[in-house]
> 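Below is a structure I'd like to ask you about.
In this chain, numbering begins with 1 at the start of the sequence shown.
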Amino acid sequence: MSTQLTPVAPATDRQDERPPSGRGFSSLGGRRSLTGWVFLLPAALLILLMNFWPMFQAFILSLQTGRGAQLSFAEPLWFNYQRMLADQTFWMTLRTTLLYLVIQVPIMLVLALVLANILNNPRLRFKGMWRTAIFLPCAVSLVSYALVFRTMFATDGLVNDVLTGMNLIDSPINWLGQTQTAQFVIIVGLLWRWTGYNMVFYLAGLQNIDHSTVEAAKVDGANSVKTFWYVTLPQLKPMILLTAIMSTNGTIQLFDESYNLTAGGPAYTSMSVSHYLYEVSFVQNPNFGYAAAISYVILVIVALLAAIQLKVGDKRD
């Protein structure tokens with residue numbers, strides 16, 4: 001009599017085949033995330049404490065009115081902003097600041113771009129000397145260069161002496177005592193100081209351009225102007241956008257040139273809006289609530305202009 005045996009599968013150690021959920025900080029990913037947040041927390045707290053908390057306090061301050069430290073909430077709360085609409089000095093300084101922006105920034109960026117392209121020529125001799133000489137004004141103290149410009153453009157200063165000696169003018173010009181000439185001096189000072197600063201950014205951008213594209217354009221018969229316009233310039237768009245935003249922000253917040261070169265004169269006509277904010281805060285009867293409201297308007301203007309520039313400059317699909 002034969003017995004039929006049923007085959008039995010060999011015993012194996014069965015383990016739970018479910019993948020780890022990865023939830024919680026007990027997993028490797030969770031521990032890494034926690035470690036990252038631990039490193040970021042001190043910097044985040046400092047940014048919150050040094051930037052966002054003062055911004056919040058400034059907004060609360062802009063809703064208050066009073067002199068010095070005797071402040072109370074205004075009635076209505078938007079009184080300072082309402083007052084700004086009727087403040088002719090504020091609007092005049094804002095128009096003057098926008099005038100500096102419209103004239104000085106485009107000239108400065110175009111000039112910096114041209115200088116960077118010239119100084120990037122590998123066949124140019126003494127490139128290091130020229131680059132250093134053009135960049136050096138940026139390293140000069142704001143107060144020092146403003147005082148030098150103030151002396152040069154004085155009625156008996158160097159500029160009038162040179163122009164008189166060249167028979168270009170019959171009598172000395174009161175550069176700092178007239179509206180148009182005072183504004184002109186500030187624009188010249190801004191160009192002298194910040195053109196080299198922007199040129200360095202363009203020089204850095206030119207180093208990253210694919211040289212083969214330039215050589216291909218030359219092989220196809222493009223001259224230097226066409227090569228720069230159709231090959232070099234499109235590859236510099238991110239750097240141009242960066243310098244445009246920085247220059248716009250800096251001009252809207254312009255203070256040193258207005259304060260040290262012309263002292264805002266004559267009769268506030270060359271004063272920047274940031275200089276007027278300083279006057280409201282510390283020179284006139286201190287009105288910190290109204291000054292805080294002006295600062296928030298400057299913040300909104302800077303943010304709007306930066307957003308517009310980013311929208312116009314971003315051509316990605």
> Test of understanding: with ring pair (Phe, Tyr, Trp, His ring centres under 6.0 Å), list the residues that count as partners of Tyr296, not counting sequence neighbours.
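Partners of Tyr296 under the ring pair (Phe, Tyr, Trp, His ring centres under 6.0 Å) test: Phe59.
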
> For Gln64, give me all partners under side chain to side chain donor-acceptor pair (under 3.5 Å), at least two apart in sequence or on another chain.
none

> Minimum heavy-atom separation for Asn121 and Lys127, please, with both atom names.
O-CD, 3.2 Å

> Go through it in stages, so that I can follow the logic: the residues are Leu142 and Glu257, the test is side-chain contact (heavy atoms from CB on, under 4.5 Å), and I'd like the CA-CA distance, side-chain angles, deciding distance and then a yes or no.
CA-CA 8 Å; Leu142 284 167; Glu257 285 76 9; 3.8 Å; yes

> Quick test of your reading: applying ring-ring contact (aromatic ring centres under 6.0 Å, His included), list the pairs with at least one residue in residues 77-109, sequence neighbours left out, ordered by first then second residue.
none

> Taking all non-hydrogen atoms of both residues, which atom of Ala116 and which atom of Leu203 are closest, and how far apart?
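Closest approach of Ala116 to Leu203, heavy atoms only: O-CD2, 3.4 Å.
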
> How about Gln207 and Asn120: does a side-chain donor come under 3.5 Å of a side-chain acceptor?
yes

> Any side-chain to backbone donor/acceptor pair from Thr93 onto Met271? Under 3.5 Å, distance only.
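Such a contact is absent between Thr93 side chain and Met271 backbone.
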
> Following the transitive rule for hydrophobic clusters with a side-chain heavy-atom cut-off under 4.5 Å over Ile, Leu, Val, Met, Phe, Trp and Tyr, establish whether Ile298 and Val300 coincide in one cluster.
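Hydrophobic grouping puts Ile298 apart from Val300.
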
> Begin with the C-alpha distance, continue with both residues' side-chain angles, and end with the deciding distance and a verdict on side-chain contact (heavy atoms from CB on, under 4.5 Å) for Ile301 and Leu305.
CA-CA 6 Å; Ile301 294 174; Leu305 290 176; 4.0 Å; yes

> Have Tyr202 and Thr243 got a donor and an acceptor in their side chains that come within less than 3.5 Å?
yes

> At what distance, to the nearest 0.5 angstrom, does CD of Gln183 lie from CG of Leu99?
5.5 Å

> Applying the 4.5 Å side-chain criterion to the ILVMFWY set and letting contacts propagate, would Ile60 and Met55 be lumped into a single cluster?
yes

> For Ser62, does its backbone N or O pair with a side-chain atom of Asn80 as donor and acceptor, under 3.5 Å?
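Confirmed, Asn80 side chain pairs with Ser62 backbone.
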
> Do Leu299 and Leu304 sit in the same hydrophobic cluster, where Ile, Leu, Val, Met, Phe, Trp and Tyr count as joined when their side-chain heavy atoms come under 4.5 Å apart?
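As far as the 4.5 Å side-chain criterion goes, Leu304 and Leu299 are not connected within one cluster.
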
> Which residues, ordered by chain and number, are linked to Phe282 in its hydrophobic cluster, where ILVMFWY side chains connect at heavy-atom gaps below 4.5 Å, directly or through other members?
Leu61, Leu71, Phe255, Tyr259, Tyr278, Val283, Phe288

> Any chance you could measure Ile209, atom CD1, to Met239, atom CE, to the nearest 0.5 Å?
9.5 Å

> Got a sec, which residues hit side chain to side chain donor-acceptor pair (under 3.5 Å) with Ser171, two or more places apart in sequence or on another chain?
none

> Closest approach of Arg150 and Asn260, non-hydrogen atoms and distance?
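Looking at all heavy atoms of both residues, the shortest contact is NH1-O, 3.6 Å.
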
> For Ser270, check side chain to side chain donor-acceptor pair (under 3.5 Å) against everything at least two apart and list the hits.
Thr262

> Kindly give the heavy-atom pair with the smallest separation between Leu176 and Pro266, and that separation in Å.
O-CD, 4.1 Å

> Does Asn160 reach the main-chain N or O of Ile173 with its side chain, forming a donor-acceptor pair under 3.5 Å?
yes

> Going by atom types only, do Thr89 and Glu279 share a side-chain donor-acceptor pair under 3.5 Å?
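Side-chain D/A pair, Thr89 to Glu279: absent.
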
> Sort and list the pairs that fulfil ring-ring contact (aromatic ring centres under 6.0 Å, His included) and have at least one residue in residues 220-244, not counting sequence neighbours.
none

> If every non-hydrogen atom of Leu49 is compared with every non-hydrogen atom of Pro54, which pair is closest and at what distance?
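What the structure gives for the nearest pair is O-CD, 3.2 Å.
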
> With sequence neighbours left out, write down each residue that passes ring pair (Phe, Tyr, Trp, His ring centres under 6.0 Å) with Tyr197, or none if nothing qualifies.
Trp194, Phe201

> By ring pair (Phe, Tyr, Trp, His ring centres under 6.0 Å), which residues pair with Phe73, not counting sequence neighbours?
none

> Give a yes or no answer on whether the side chain of Arg193 reaches the backbone of Val140 with a donor-acceptor pair at less than 3.5 Å.
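Indeed, once roles are kept as given, a pair shorter than 3.5 Å links the two residues.
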
> Using the side chain to side chain donor-acceptor pair (under 3.5 Å) criterion, which residues pair with Asn174? Sequence neighbours excluded.
none

> Would a distance-only check, ignoring hydrogens and angles, find a side-chain to backbone donor-acceptor pair under 3.5 Å from Thr97 to Val273?
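A pair under 3.5 Å: yes.
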
> Please name the pair of heavy atoms, one in Ser274 and one in Ile252, separated by the smallest distance, quoted to 0.1 Å.
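That closest heavy-atom pairing would be OG-O, 3.6 Å.
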
> Return each pair, listed once, that meets ring-ring contact (aromatic ring centres under 6.0 Å, His included) where at least one residue sits in residues 102-147; pairs must be two or more places apart or across chains.
Tyr145-Phe149, Tyr145-Trp192

> When Ile, Leu, Val, Met, Phe, Trp and Tyr are grouped by side-chain heavy atoms lying under 4.5 Å apart, directly or through other members, which residues fall in the same group as Val143?
Leu147

